[in-house]
Amino acid sequence: MTNARLSLGSSWLLFPVSWAILLFLIFPTVVVVVLSFSPSIFLDFPPKSLSLKWFYELADDPSWLNSGLFSLKIAFLTTIVSLIAGTAAAIAVVRSNLPGKQLFMACVLIPLIVPHIVVAIAVYLQFAQLGLVGNTLGFVLVHAALTVPYVILMVSAALQRLPVTYEMAALNLGATRQQCFRKITLPLITPAVLGSGVLVFVTSFDESVVSYFLSGVTQKTITRRLFEEIDYNISPIIAAASTAFIIITVGLMAMLTIFRRRES
Amino acid sequence: MSLTELERGMRGELPKRLSLLMIMPTAALLIGVITLPTLLLLATSFTSPELGFKNYYKVNDPLYILVLFRTMIIAGATTFLAVCLGYPVAVLIARSGKIVAAVAIACVLVPLWTPVLIRSYAWIIFFQPNGLVNRYLIESQLISKPLRILYTDAAVVIALTHVMLPYMVLPIANSLKAISPDLPKAAQNLGAGAWSIFWRITLPLSLPGIFAGCLMVFVLTLGAYVTPALLGGPSTLMISTLIGQQITILLDWPFAGALSLVLVVLSLGITAVFRRLLKLERVVAYD
């Protein structure tokens, strides 16, 4: 009996309240998506009819497409850098007895706690002098630094669950370290690596504060573009761009969640 | 400690040199891109325009103390609202069957994956003078003139609560799920009513989740930038938007550095202090 599990007052009183709060949570996303299909320039909700007008306008404006592709490129390169650096570090931390392992793992958490506004302006101050503002390398470096903690946390958790005896057996049977890594360790941690990769990709694509300060005049990320547009006007074309954005991020994260649930 | 290379290999351990090499890229990224630039920014607050604490005397100005104070109040209000709204949702998720719980979790996760920027856009559509909220209130003749909601503290707190709710719901739901179903059953058999089961079993045992959620929400709200930048007005500055303003409008890097130091010390300090409290709670709960 699931209902007897955590007896708490009258569930008939509680559950409508819970559902109302869930409605509050989901409502803004729903409104933006629905409005993007409205033909009216006035943001009428619910819309009186449906059309793809704003999506055609979005597709006709190359600047939206350009910043979208720029963001996707940054997210893709960030994922590669972050996965390689993070997976290597996770393996080194779990499978060695380096002094200061605990300290390293504590330091890894710092990017998750320091507010992004501080990182954004600090990086902007240095990168402006190095010519790294508004270019791909600059974005990839910051986004990789901000996302590498996720990779280390997820992959090291997977490694800790993985019995070291598998690797020991391979090494005792004469496998070289490289063979052992390629044939035993890597295949077993692949789900965690791919999972953290999706998270890194979406985090980089979503990232708006650092992107706001690091964007140049010509090379703008999609988040910087949205930031500027939302601050000046609230045209329904933003709703259409947002809907495209939401489909990418929610789609990827939903895939990841379903995949991980099936794993466990 | 004097294991041979072969013995180490047989225990599955990596040689020291190799593992150092493997940590290098991450260390370089974290130090070179986050730590060093941040320290340099904080350093400018002491060295420029002249050596000393001049920028910190400026932080002490009543105007800026008010911004700091407002930031704490907004973070506190957001945390409070997030607990009140998050707890019933967490209970629903922890108590429901598979399908209902999955729907509820989806309602929590989809907004989490919708960028804060886009959600701020939605709130502007709701709150602007001829927005959905005002139009609805006027049509139902509750008000005659549109209310000013956008660019007020209320708009910022509502939007921030929405942003932070998932970070509150998930840890509370986890701690609720971890409660053994035998405990409330035993209490019931011993004659406890629903309310006394809640106050004496469920709520105390979910405290670790509540603490974790509150810590996360409070610290994240202190540093939130996008929501106050888009939904707050010039009179509703938070410390993060004040820092942004120093850079984009006033180009006062040293003062931005001083404000950043205050924000970083607050965020790291609160995390460090509350972590200890959290661990203490666990010791009390499990020993």
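What's counted below: heavy atoms across the whole structure, side chains too, no hydrogens, waters or symmetry copies.
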- Looking at side-chain heavy atoms only, is the closest gap between B:Ser267 and A:Pro115 below 4.5 Å? yes

- Message: If we check side chain to side chain contact (heavy atoms under 4.5 Å, CB included) with A:Ile21, which of these qualifies: B:Cys107, B:Cys84, B:Pro88?
- Response: B:Pro88

- Note on the structure: Per side chain to side chain contact (heavy atoms under 4.5 Å, CB included), B:Trp113 is matched among A:Leu256, A:Thr29, A:Thr257, A:Ile248 by A:Thr257

- Message: So for B:Gln246, is it side chain, backbone, both, or neither that comes closer than 4.5 Å to the heavy atoms of chain A?
- Response: neither

- Message: I want to check something: taking the side chain as every heavy atom from C-beta on, are B:Pro115 and A:Leu226 in contact at a cut-off of under 4.5 Å?
- Response: no

- Hey, what do you get for CZ (A:Phe27) to NE2 (B:His162), rounding to the nearest 0.5 Å? 10.5 Å

- Contact origin within B:Trp199 toward chain A - heavy atom pairs under 4.5 Å: neither

- Message: I'd like to check B:Lys16 versus A:Pro99 (side-chain heavy atoms, cut-off strictly below 4.5 Å). Are they in contact?
- Response: yes

- Who wins among A:Thr249, A:Ile121, A:Ile246, A:Val209 for the most heavy-atom pairs under 4.5 Å with chain B? A:Ile121

- Query: Heavy atoms, side chains only, cut-off 4.5 Å: are A:Leu125 and B:Leu40 in contact?
  - Reply: no

- Message: Quick check on B:Val219 against chain A: is it the side chain, the backbone, both or neither that has a heavy atom closer than 4.5 Å?
- Response: side chain

- Item | Contacting moiety of B:Val100, where chain A heavy atoms sit under 4.5 Å | both

- Distance (rounded to the nearest 0.5 Å) between A:Arg95 CZ and B:Leu18 CG: 13.5 Å

- Nearest 0.5 Å please: distance from the CD1 atom of A:Ile91 over to the CE atom of B:Met22. 4.5 Å

- Note on the structure: When the 4.5 angstrom heavy-atom criterion is applied to A:Ala239 and chain B, the contacting part is both

- Task: Side chain from CB out, backbone as N, CA, C, O: work out which of these in B:Leu222 comes under 4.5 Å of a heavy atom of chain A, or both, or neither.
- Result: neither

- Working for side chain to side chain contact (heavy atoms under 4.5 Å, CB included), residues A:Trp19 and B:Val89: CA-CA 7 Å; A:Trp19 285 113; B:Val89 174; over 6 Å; no

- Message: Between B:Leu30 and A:Cys107, is there a side-chain heavy-atom distance shorter than 4.5 Å?
- Response: no

- To the nearest 0.5 Å, tell me how far B:Thr271 OG1 sits from A:Ile113 CD1. 4.5 Å

- Task: Against chain A, work out which of B:Ile118, B:Leu41, B:Ile23 has the most heavy-atom pairs shorter than 4.5 Å and name it.
- Result: B:Ile118

- Query: How far apart are the C-alpha atoms of B:Trp253 and A:Tyr124, what are their side-chain angles, what is the distance that settles it, and do they pass the side chain to side chain contact (heavy atoms under 4.5 Å, CB included) test?
  - Reply: CA-CA 11 Å; B:Trp253 286 96; A:Tyr124 177 71; 3.3 Å; yes

- Applying side chain to side chain contact (heavy atoms under 4.5 Å, CB included), run through A:Leu22 and B:Val103 and close with a yes or a no. CA-CA 10 Å; A:Leu22 286 171; B:Val103 172; over 6 Å; no

- Query: Would you call A:Leu25 and B:Val108 a side-chain contact if the rule is heavy atoms closer than 4.5 Å?
  - Reply: yes

- Which one, A:Ile230, A:Thr165, A:Thr203, A:Val81, leads in non-hydrogen pairs under 4.5 Å with chain B? A:Ile230

- Query: Looking at A:Val202, A:Val108, A:Thr223, A:Val114, which makes the most heavy-atom pairs under 4.5 Å with chain B?
  - Reply: A:Thr223

- Query: For the candidates B:Pro25, B:Ala28, B:Pro111, which exhibits the highest count of non-hydrogen atom pairs separated by less than 4.5 Å from chain A?
  - Reply: B:Pro111

- Any side-chain heavy-atom pair of B:Val110 and A:Met253 under 4.5 Å: no

- Max heavy-atom pair count under 4.5 Å with chain B, selected residue of A:Ile110, A:Val93, A:Ile117: A:Ile117

- Message: Which atoms of B:Phe126 are under 4.5 Å from chain A, going by heavy atoms: the side chain, the backbone, both sets, or neither?
- Response: side chain

- Residue B:Leu132 versus chain A: region with a heavy atom under 4.5 Å: side chain

- Item | Residue B:Leu112 versus chain A: region with a heavy atom under 4.5 Å | neither

- Query: So which part of B:Leu266 gets closer than 4.5 Å to some heavy atom of chain A, the side chain, the backbone, both or neither?
  - Reply: neither

- Check whether B:Ile247 gets within reach of chain A through its side chain, its backbone, both or neither, counting any heavy atom under 4.5 Å. side chain

- Query: Considering only heavy atoms from C-beta outward, does the side chain of B:Thr114 approach that of A:Phe245 to under 4.5 Å?
  - Reply: no

- Task: I would like to know whether B:Leu117 and A:Tyr212 meet side chain to side chain contact (heavy atoms under 4.5 Å, CB included); could you show each step before the answer?
- Result: CA-CA 11 Å; B:Leu117 262 178; A:Tyr212 182 81; over 6 Å; no

- Message: Counting only non-hydrogen atoms closer than 4.5 Å, does B:Tyr225 touch chain A with its backbone (N, CA, C, O), its side chain (CB onward), both, or neither?
- Response: side chain

- Task: Name the option with the most non-hydrogen atom pairs under 4.5 Å to chain B; the candidates are A:Pro149, A:Ala254, A:Gly86.
- Result: A:Ala254

- Task: For chain B, find which of A:Ile26, A:Val119, A:Val118, A:Leu23 contributes the most heavy-atom pairs closer than 4.5 angstrom.
- Result: A:Val118

- Note on the structure: The reported gap from CD1 in A:Ile238 to CD1 in B:Ile124 (rounded to nearest 0.5 angstrom) is 8.0 Å

